[in-house]
Amino acid sequence: MIDEGKLSIPFFPDTEDIRQGTKKLTNMICHTEDYKCYQKDLAVLKEQEELYRKFKEFRGKSLYLQLEKGQEQYFEKIESLHSEYKDVLTEPVVVDFLSEEQRMCKLMRLVYDGIAEDIKLDLSYMDEL
């Protein structure tokens, strides 16, 4: 059954309550000072189109290196990437944005950790990976 573009599972009667609780939580997060500052700093960064383009380019390359499997000389490659984009990464607008983004990531981590701590799933199979 489709409801407002979302999948609703009829045999889970609490689905709507969970969805409403999720909306309430996200609304609370969106009204925090951290989120407002994050959005403001992102908008300021995006106003400088060339800087934002280079910043996204750096992030894409960085993510690629982080996800690449069996990589030799990982730290050297990351260090080289940081050197290549030093002019971008030291721009005050980028520094401000990254600082706010880190604060948001910490907030989201608290939320995720709280959920994972309270919902007991057997993930012991992951210990063997």
List, one per line, each side-chain donor-acceptor pair under 3.5 Å for residues 112-120, sequence neighbours excluded.
unit_1, atom_1, unit_2, atom_2, d
D113, OD1, R109, NE, 3.1
D113, OD2, R109, NE, 3.2
K120, NZ, E117, O, 2.4

**Request:** Provide the full list of ring pair (Phe, Tyr, Trp, His ring centres under 6.0 Å) pairs with a residue in residues 31-50, sequence neighbours left out, each pair given once.
**Result:** Y38-F97

**Asked** Okay, side chain of S80, backbone of E76: is any donor-acceptor separation there less than 3.5 Å?
**Response** no

**Request:** I would like to know whether M104 and I29 meet side-chain contact (heavy atoms from CB on, under 4.5 Å); could you show each step before the answer?
**Result:** CA-CA 9 Å; M104 280 306 304; I29 291 170; 3.9 Å; yes

Can you name the side-chain contact (heavy atoms from CB on, under 4.5 Å) partners of [X], sequence neighbours left out?
X: E50; answer: R53, K54
X: Q102; answer: K106
X: I78; answer: S62, L65, Y74, H82
X: E49; answer: none

Would one find more than 12 heavy atoms of other residues, nucleotides or ligands at under 6.0 Å from atom [atom1] of [X]?
X: M108; atom1: CE; answer: yes
X: K36; atom1: NZ; answer: yes
X: E79; atom1: CD; answer: no

**Message:** When you compare the side chain of V93 with that of Y52, does any pair of heavy atoms fall below 4.5 Å?
**Reply:** no

**Asked** Going by heavy atoms in the side chains, are Q20 and K24 under 4.5 Å from each other?
**Response** no

**Message:** Run the side chain to side chain donor-acceptor pair (under 3.5 Å) test against K61 and tell me which residues pass, sequence neighbours left out.
**Reply:** Y85

**Request:** Apply side chain to side chain donor-acceptor pair (under 3.5 Å) to Q73 and list each qualifying residue two or more places apart in sequence or on a separate chain.
**Result:** none

Nearest 0.5 Å please: distance from the [atom1] atom of [X] over to the [atom2] atom of [Y].
X: K77; Y: E68; atom1: NZ; atom2: CD; answer: 5.0 Å
X: D17; Y: R19; atom1: CG; atom2: CZ; answer: 11.0 Å
X: C30; Y: K23; atom1: SG; atom2: NZ; answer: 10.0 Å

Can you get from [X] to [Y] by hopping between Ile, Leu, Val, Met, Phe, Trp and Tyr side chains that sit under 4.5 Å apart?
X: L121; Y: I18; answer: no
X: F55; Y: Y64; answer: no
X: V111; Y: M28; answer: no
X: L45; Y: V95; answer: no

**Item:** Steps toward side-chain contact (heavy atoms from CB on, under 4.5 Å) verdict (D87, E91)
**Value:** CA-CA 7 Å; D87 59 325; E91 282 288 328; 5.9 Å; no

Just jot down the salt bridge (Lys or Arg N to Asp or Glu O under 4.0 Å) partners of [X], sequence neighbours excluded, or say none.
X: E101; result: R59
X: K56; result: none
X: D34; result: R103

**Working for side-chain contact (heavy atoms from CB on, under 4.5 Å), residues M126 and L123** = CA-CA 6 Å; M126 295 178 76; L123 303 176; 4.1 Å; yes

**Request:** Start with the C-alpha gap between V94 and T90, add the side-chain angles, then the distance that decides, and say whether side-chain contact (heavy atoms from CB on, under 4.5 Å) holds.
**Result:** CA-CA 7 Å; V94 172; T90 56; over 6 Å; no

**Asked** Which residues, ordered by chain and number, are linked to L67 in its hydrophobic cluster, where ILVMFWY side chains connect at heavy-atom gaps below 4.5 Å, directly or through other members?
**Response** L63

